[in-house]
Amino acid sequence: MFDVRHLTHAYETEDGTSFKALDDVSCRIRKGEFTAVIGTNGSGKSTFARHLNALVLPTEGDLFVEGLSVREPENIWPIRQKVGMVFQNPDNQLIAAVVEEEVAFGPENLGVPREEILTRVDEALAKVGMTQYRHHSPAMLSGGQKQRIAIAGVLAMKPDCIILDEPTAMLDPVGRKEVMDTVHELNRKEGISVVLITHFMEEAVTADRVLVIHKGHLVMDGTPREVFSDPEKMKALGLDVPVPADLASMLHKKGLAVRADCMTDEELGDALCPFVSKI
Amino acid sequence: MSIRVENITYIYGGGTPYEKTALAGVDLTIEKGEFVGIIGHTGSGKSTLIQHLNGLIHPTKGRVLVDGVDLAGKSKEAIAKRHTVGMVFQYPEQQLFEETVAQDIAFGPRNLGCDEETVEARVREAMSFVGLDYDTYAGRSPFRLSGGQMRRVAIAGVIAMKPDFLILDEPSAGLDPVGRREIFSQIRKWYEEGAFSVILVSHNMDDIARLATRLLVMSHGRCVLDGRPMDIFLHHRKELQEAGVDVPPLTKTLLALKERGIPVPEEAVSCEEAADALYRTLREGTSC
């Protein structure tokens with residue numbers, strides 16, 4: 001899906017020096033993969049995400065979206081049609097007065113015929129479970145519902161990949177779960193590639209793959225188990241690990257013979273149960 | 001000193017087709033010295049409630065009294081009492097507007113009518129409170145700072161007004177774990193120094209469990225639970241679920257382990273504490 005080659009993004013700061021928000025990042029993201037990108041504030045993870053649909057362009061290196069280079073101006077629109085983007089604040093990205101018009105906005109701009117638009121809106125709303133709200137005003141919906149409408153708007157453009165930049169940061173636990181369930185279902189059932197930028201480690205654990213960006217560098221790249229089984233390293237990078245991983249590794253370090261790489265409550269339970277039967 | 005919320009009801013858009021009861025008979029008292037956490041799903045009424053506490057909006061029915069003074073009044077006394085309750089909104093950095101950090105923080109005390117000498121003293125004090133070095137940051141543009149620093153400037157602006165009660169609405173939203181810890185260790189420090197009482201609205205149950213001495217759970221415009229955070233998290237899971245809120249991730253993991261018969265320190269609020277206790281029980285288990 002994405003082939004990132006030595007991607008660097010530098011910009012001029014106030015005092016005239018050059019600052020590299022991204023510095024020589026290379027990686028490949030396969031079609032159908034669910035990738036989480038984590039990093040502290042200012043690490044460059046959002047800048048990275050914005051390159052994936054050519055919202056910003058590399059100052060050095062290149063990025064190919066299904067073989068199309070973002071450096072070729074005529075590729076920009078095909079790339080943005082393939083790669084949709086959902087932002088953090090649902091109130092800043094919804095514009096229409098009625099939900100179905102909101103969802104139709106993207107395909108209308110692509111010049112899709114009316115009949116086709118109607119089908120796409122129906123399909124997109126069904127996929128995010130918001131069909132019953134089609135005649136509602138987006139302003140009257142909850143945060144989680146608004147984000148699902150934003151996702152439907154992207155789906156109506158029939159993308160191959162959706163980039164979500166902290167889509168749940170402003171939501172309550174119920175809204176977060178709604179959005180995460182929706183995104184996982186799209187990935188599983190529709191085969192849509194997902195790149196999720198997040199501060200919530202519980203969300204990153206559910207991905208196929210986790211990229212850790214630190215000070216503009218790609219410093220870790222692996223499965224959640226590989227990335228989160230070293231809490232010390234993650235904490236040194238200013239990040240957290242999920243609770244079960246943290247507990248397991250602390251117990252392991254204290255000398256209890258448990259596996260240090262538990263990712264879920266269930267795995268931690270499995271690891272600790274043998275000790276209990278001996279009490 | 002106390003904030004007395006006397007059976008308040010608040011109706012948005014009364015008499016229009018959009019009429020909505022945001023608060024339905026909330027009655028509680030917040031005493032000086034408390035650290036109150038407020039949780040609830042979006043639309044539960046928590047933001048409407050806190051806006052009442054410093055008189056930004058007035059109840060449709062009922063009264064809000066600070067030290068016995070009704071905030072809805074127009075007297076000088078009522079206005080002065082409103083100033084004793086400071087409010088830090090969500091994403092407060094969006095409200096920064098001045099050219100320099102120092103001027104932005106000075107806006108509040110200047111409006112209170114402080115003389116320039118007092119204003120400067122308060123700016124210095126507020127900046128050291130939030131951990132921003134005066135000499136480094138006072139003359140900088142607030143818009144050239146990082147997200148976490150901007151938020152501290154915004155919080156300093158409220159602190160410079162020297163409130164008795166400080167209300168924070170999701171102060172850690174959008175911050176990374178380090179930024180979050182910094183903000184909260186600071187808040188905890190101020191609270192422990194007795195600088196003011198804190199009322200914290202958050203979706204982050206970890207922070208609530210660690211910091212609050214009292215927890216209010218809002219649902220459908222009512223305060224449905226009011227008590228010690230751990231009592232609520234451990235013994236009222238059904239009500240919490242109905243209110244659309246969760247227990248802290250650590251508590252959730254510990255309760256899942258408990259269900260499988262593992263003896264856990266269910267009241268633990270940090271992983272270190274939980275790991276220590278778990279290790280002690282499990283190690284003893286293996287030795288016999």
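Letters go in sequence order (proteins before strands), and every chain restarts at 1.
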Heavy-atom contact with chain A under 4.5 Å, split by part of [X]:
| X | value |
| --- | --- |
| E272(B) | both |
| A274(B) | both |
| L257(B) | side chain |

Measuring from atom [atom1] of [X] to atom [atom2] of [Y], what distance do you get when rounded to the nearest 0.5 angstrom?
| X | Y | atom1 | atom2 | answer |
| --- | --- | --- | --- | --- |
| L272(A) | L278(B) | CG | CG | 6.5 Å |
| E273(B) | M250(A) | CD | CE | 11.0 Å |
| K177(A) | D246(B) | NZ | CG | 10.0 Å |

If you draw a 6.0 Å radius around [atom1] in [X], do more than 12 non-hydrogen atoms from other residues or ligands fall strictly inside?
| X | atom1 | result |
| --- | --- | --- |
| Q241(B) | CD | no |
| E99(B) | CD | no |
| R214(B) | CZ | yes |
| E266(A) | CD | no |
| Q95(B) | CD | yes |
| H236(B) | NE2 | yes |

I'd like to know whether I262(B) forms a side-chain contact (heavy atoms from CB on, under 4.5 Å) with L268(A), so could you lay out the CA-CA distance, the side-chain angles of the two residues, the decisive distance to 0.1 Å, and finally the verdict. CA-CA 11 Å; I262(B) 300 166; L268(A) 183 62; over 6 Å; no
Test your reading of the model: is there a side-chain donor-acceptor pair from Y279(B) to the backbone of K254(A), 3.5 Å cut-off?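 Here the side-chain-to-backbone pair exists.
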Taking every non-hydrogen pair under 4.5 Å, which of T253(B), L250(B), N204(B) racks up the most with chain A?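 It is T253(B).
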I'd like to know which of D276(B), V245(B), I39(B) tops the heavy-atom pair count under 4.5 Å against chain A.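 Of D276(B), V245(B), I39(B), D276(B) has the most heavy-atom pairs under 4.5 Å with chain A.
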Using a 4.5 angstrom heavy-atom cutoff, name the option from T40(A), V174(A), I38(A) with the most pairs to chain B.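 The candidate making the most pairs under 4.5 Å is T40(A).
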Taking all non-hydrogen atoms of both residues into account, name the closest pair between C271(B) and V243(A) and its distance. SG-CG1, 4.3 Å
Can you say whether D240(A) sits under 4.5 Å from chain B via the side chain, the backbone, both, or neither, judging by heavy atoms?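 Answer is both: backbone and side chain atoms of D240(A) are under 4.5 Å from chain B.
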Please step through side-chain contact (heavy atoms from CB on, under 4.5 Å) for the pair D270(A) and R260(B), ending with a clear verdict. CA-CA 9 Å; D270(A) 289 344; R260(B) 299 181 63 175; 2.5 Å; yes
